[in-house]
Amino acid sequence: QVQFVESGGGLVQPGGSLRLSCAASGFSFSSYAMRWYRQAPAKEREFVAFISSNGGGTMYADSVRSRFTISRDNGKNTVYLQMNSLKPEDTAVYYCKASLGGWGQGTQVTVSS
């Protein structure tokens, strides 16, 4: 059974940092690219970042490029999202996803003073 368990969210002041983690299970993690998405209140879920199966390729939404960094540890079946210089508009529930399985519960990130 494919599962994604996101963690690491919380309340942070503007300009602060957070590191999100996503533990994946139930499939051959090292064979799949991974993506982070987010959904803000009253908005549709949107793409945030992509990482290839071996970690050699990454892509970012324009809104987070140069502030966020996606990485993965295939030995731990985990993908990370390092978020720096956070802004109030980054407030959302963050999800990780492969091209199979459903959505996890996500982790809430709130950026507020």
Side-chain angles (χ1 to χ4, degrees):
Q1 174 182 356
V2 175
Q3 283 192 317
F4 305 102
V5 180
E6 301 90 348
S7 62
L11 173 63
V12 63
Q13 292 188 342
S17 298
L18 282 174
R19 188 194 194 205
L20 306 184
S21 299
C22 168
S25 61
F27 65 104
S28 181
F29 180 78
S30 62
S31 297
Y32 285 82
M34 293 294 297
R35 292 169 175 81
W36 282 97
Y37 294 85
R38 66 185 181 187
Q39 187 166 19
K43 292 189 176 181
E44 292 193 355
R45 193 170 291 166
E46 65 175 0
F47 166 78
V48 175
F50 160 94
I51 188 166
S52 62
S53 58
N54 66 359
T58 58
M59 291 177 58
Y60 298 91
D62 289 344
S63 58
V64 307
R65 189 174 294 115
S66 79
R67 299 188 297 121
F68 290 10
T69 302
I70 188 171
S71 61
R72 66 190 295 160
D73 185 335
N74 285 347
K76 296 182 178 180
N77 286 7
T78 301
V79 61
Y80 304 97
L81 187 67
Q82 177 68 44
M83 306 187 298
N84 299 328
S85 302
L86 283 161
K87 305 175 180 180
E89 51 263 43
D90 295 318
T91 295
V93 179
Y94 284 71
Y95 304 87
C96 69
K97 187 75 169 67
S99 60
L100 75 171
W103 295 93
Q105 292 189 328
T107 186
Q108 175 71 49
V109 172
T110 302
V111 184
S112 175
S113 54

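We're numbering straight along the sequence, starting at 1. None of these values were measured; they are calculated from a predicted model.
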TODO: Any chance you could lay out the side chain to side chain contact (heavy atoms under 4.5 Å, CB included) test for Phe68 and Leu18, step after step, and finish with the verdict?
DONE: CA-CA 10 Å; Phe68 290 10; Leu18 282 174; over 6 Å; no
- [ ] Take Arg67 and Asp90, measure what side chain to side chain contact (heavy atoms under 4.5 Å, CB included) needs, and give me the verdict at the end.
- [x] CA-CA 11 Å; Arg67 299 188 297 121; Asp90 295 318; 2.7 Å; yes
TODO: Apply the test side chain to side chain contact (heavy atoms under 4.5 Å, CB included) to residues Arg38 and Leu20: give CA-CA distance (whole Å), side-chain angles for both, the deciding distance (0.1 Å), then the verdict.
DONE: CA-CA 12 Å; Arg38 66 185 181 187; Leu20 306 184; over 6 Å; no
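Under the side chain to side chain donor-acceptor pair (under 3.5 Å) criterion, Ser7 pairs with no residue, sequence neighbours left out. Listed by chain and number, the residues in a side chain to side chain donor-acceptor pair (under 3.5 Å) with Gln105 amount to none (sequence neighbours excluded). Applying the ring-ring contact (aromatic ring centres under 6.0 Å, His included) criterion to Phe27, with sequence neighbours excluded, gives Phe4, Tyr32. The side-chain contact (heavy atoms from CB on, under 4.5 Å) test applied to Asn84 returns Ser17, Gln82, not counting sequence neighbours. For Asn77, the side-chain contact (heavy atoms from CB on, under 4.5 Å) test picks out Phe29, with sequence neighbours left out. Checked against side chain to side chain donor-acceptor pair (under 3.5 Å), Ser52 has the following partners two or more places apart in sequence or in another chain: Asn54. When the side-chain contact (heavy atoms from CB on, under 4.5 Å) test is applied to Gln3, the partners found at least two apart in sequence or on another chain are Gln1, Ser25. Partners of Gln108 according to the side chain to side chain donor-acceptor pair (under 3.5 Å) rule, which considers only residues two or more places apart in sequence or in another chain, are Thr110.
Scanning all heavy atoms of the two residues, the minimum distance from Ser31 to Ser53 falls at C-CB, 3.7 Å. Closest non-hydrogen pair, Ser113 versus Pro14, comes out as N-CD, 3.7 Å. The minimum heavy-atom distance linking Leu81 with Ala49 is given by the pair CD1-CB, 4.2 Å. In this structure, Ala98 and Met34 approach most closely via the heavy-atom pair CB-SD, 3.6 Å.
The same ILVMFWY cluster, assembled from side-chain heavy atoms under 4.5 Å apart, contains both Val64 and Val12. Hydrophobic clustering of Ile, Leu, Val, Met, Phe, Trp and Tyr side chains at less than 4.5 Å, counting indirect connections, keeps Tyr80 apart from Ile51. When hydrophobic clusters are built by joining Ile, Leu, Val, Met, Phe, Trp and Tyr residues whose side-chain heavy atoms come closer than 4.5 Å, directly or via intermediates, Val79 is grouped together with Val2. Neither Val5 nor Leu100 shares a network with the other; the hydrophobic side chains, linked directly or stepwise wherever heavy atoms of I, L, V, M, F, W or Y lie under 4.5 Å apart, form separate groups for each.
No more than 12 heavy-atom neighbours from other residues, nucleotides or ligands sit within 6.0 angstrom of CD on Glu44.
With Tyr60 contributing its side chain and Ile70 its backbone, the two residues share a donor-acceptor pair below 3.5 Å. Checking side-chain atoms of Thr91 against main-chain N and O of Val111 turns up a donor-acceptor pair under 3.5 Å.
Within the structure, the salt bridge (Lys or Arg N to Asp or Glu O under 4.0 Å) test picks out no pair touching residues 5-18 (sequence neighbours left out). Within the structure, ring-ring contact (aromatic ring centres under 6.0 Å, His included) contacts touching residues 87-113 (residues at least two apart or in different chains) are Tyr37-Trp103, Tyr95-Trp103. Listed by first and then second residue, the salt bridge (Lys or Arg N to Asp or Glu O under 4.0 Å) pairs that reach into residues 68-82 come to none, sequence neighbours excluded. Sequence neighbours left out, not one pair with a member in residues 98-113 passes salt bridge (Lys or Arg N to Asp or Glu O under 4.0 Å).
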